[in-house]
Amino acid sequence: MVRTYPVVPLHFDPARVAAWSAAIALHLLAFLMLLIPATYQAVTALPRDQTTIRFIPKEEPKIEPLPVPPKPEKVEVVQKKQAVPAPPTLPAPTATVEEAQGIILPAAEPTAVQTAPTIAPSTPLAGAQLQYRSNPPPSYPIQALRNHEQGTVLLRVEVDPSGQPVNVSIERSSGSRSLDQAARQQVLRHWRFVPAERDGMAVPAIGMVPVQFSLPN
C-alpha cells in the first residue's frame, strides 16, 4: 500500500528575507565597531622603526704620477793603446880612409832648358785675319727700311778648323737692333771662311768681321 502525504507548497516572503538581512548587517556593523579601537591600540603599540640616512661623500680619484724613466748611463769605452815597437837603431856607418878616398861627390844637376809654351791645337787663334770663302750679303730688314736705318755692324766671329762659323757675337752695334740681328744670323748660317793655319795645320780662329748696311740715295 502506498501512502501519500500532503505537499506543503513553498512560499517566498520578501519582507521576511529583508528583515533578516537587515538584522544580520546590523550585527556585523556593531561587531566591526567594536574591533576598530582594539586594532588602533595594537598598531600604536608597535615600535616605530627609526631609519637614519647618512650621505657618503664622493671620493675623488687619486692620480698617480707617471714614473720617471731612469737616465741612461753613459758607458765610456777606453781604448787600450797598443805599444808600437820601436825600430831597432842601426849603428852609424863609419868609413875607413880607403873608402873615403873612393867616394865621388855627385855632379851638379843639369839646369832645365826653358822652352816657349806650346799652344794646344784646340785653342782658337785670336786676332786672326779671316779670309772670306763665301759671304752672301744679308737681306735688308723691312723694319729698318721703314725707319730709314743704316750703319755698319762689327761682329766677333769664331770659326772652326774647317772655316765654318761656330759663334758670332756683336762687338760694336750699328745703332739698330734689326740690322745687328740680320748681320749676325747671316754670318752664322751662310758665311764660310778660309781655315786659319798654325805651323801648317788648320786651327780654329777668332776674327772681326764688319757688315755694312746702306740705303740707296
Side-chain angles (χ1 to χ4, degrees), residues 72 74-90 92-93 95 99-217:
K74 295 183 179 179
V75 179
E76 295 183 359
V77 180
V78 180
Q79 296 181 357
K80 295 183 179 180
K81 296 183 179 180
Q82 297 180 357
V84 180
T89 57
L90 299 176
E99 292 175 351
Q101 291 178 355
I103 295 175
I104 300 175
L105 295 176
E109 296 180 357
T111 58
V113 180
Q114 296 181 356
T115 58
T118 59
I119 302 175
S122 59
T123 304
L125 182 62
Q129 186 69 29
L130 299 179
Q131 298 180 2
Y132 306 114
R133 176 176 291 176
S134 174
N135 57 338
S139 57
Y140 219 102
I142 299 176
Q143 188 67 26
L145 287 173
R146 292 176 180 176
N147 297 333
H148 300 282
E149 295 174 352
Q150 58 183 354
T152 302
V153 186
L154 185 61
L155 301 176
R156 183 178 182 272
V157 182
E158 180 179 353
V159 297
D160 60 6
S162 65
Q164 182 176 356
V166 294
N167 189 14
V168 178
S169 60
I170 299 172
E171 185 72 17
R172 186 175 66 246
S173 174
S174 64
S176 172
R177 180 179 178 82
S178 58
L179 294 180
D180 296 345
Q181 292 300 323
R184 179 180 176 278
Q185 295 296 330
Q186 180 70 10
V187 173
L188 183 62
R189 295 178 180 178
H190 302 288
W191 284 26
R192 296 295 180 268
F193 297 88
V194 178
E197 294 184 358
R198 180 193 294 133
D199 298 333
M201 297 179 60
V203 294
I206 299 175
M208 300 299 172
V209 175
V211 179
Q212 183 179 4
F213 292 87
S214 59
L215 295 173
N217 297 327

From CA spacing to verdict: side-chain contact (heavy atoms from CB on, under 4.5 Å), Leu155, Ile170: CA-CA 5 Å; Leu155 301 176; Ile170 299 172; 4.1 Å; yes
Pairs under 3.5 angstrom only: tabulate donor-acceptor contacts from the side chains of residues 180-192 to other protein residues two or more places apart or in another chain.
unit_1	atom_1	unit_2	atom_2	d
Asp180	OD1	Ser174	N	3.1
Asp180	OD1	Ser174	OG	2.8
Asp180	OD2	Ser173	OG	2.4
Arg184	NE	Val168	O	2.8
Gln185	OE1	Arg189	NE	3.1
Gln185	OE1	Arg189	NH2	3.2
Gln186	NE2	Pro136	O	3.0
Trp191	NE1	Pro136	O	2.7

Applying ring pair (Phe, Tyr, Trp, His ring centres under 6.0 Å) as the test, list every pair that has at least one member in [range]; sequence neighbours left out.
range: residues 142-175; answer: none
range: residues 168-187; answer: none
range: residues 161-189; answer: none
range: residues 193-217; answer: Tyr132-Phe193, Tyr140-Phe213

Check: Val157 and Ile206 side chains under 4.5 Å, non-hydrogen atoms: no
Heavy atoms of other groups near Ile142 CD1, more than 12 under 6.0 Å: no
Nearest heavy-atom neighbours spanning Glu197 and Gly200: OE1-CA, 4.3 Å
Closest non-hydrogen atom pair, Ala205 against Ala196: CB-CB, 3.6 Å
Nearest-0.5 Å distance that lies between atom CG in Leu145 and atom CG in Leu215: 6.5 Å
Results of side-chain contact (heavy atoms from CB on, under 4.5 Å) for Pro161 - residues two or more places apart only: Ala202, Pro204
Derivation and outcome, side-chain contact (heavy atoms from CB on, under 4.5 Å), residues Arg198 and Leu125: CA-CA 8 Å; Arg198 180 193 294 133; Leu125 182 62; 3.6 Å; yes
Qualifying side chain to side chain donor-acceptor pair (under 3.5 Å) pairs, either residue in residues 151-161, two or more places apart: Asp160-Ser162
Donor-acceptor contact present, side-chain Gln131 to main-chain Val194, <3.5 Å: no
Glu149 and Leu179: CA distance, side-chain angles, deciding distance, side-chain contact (heavy atoms from CB on, under 4.5 Å) verdict: CA-CA 8 Å; Glu149 295 174 352; Leu179 294 180; 4.2 Å; yes
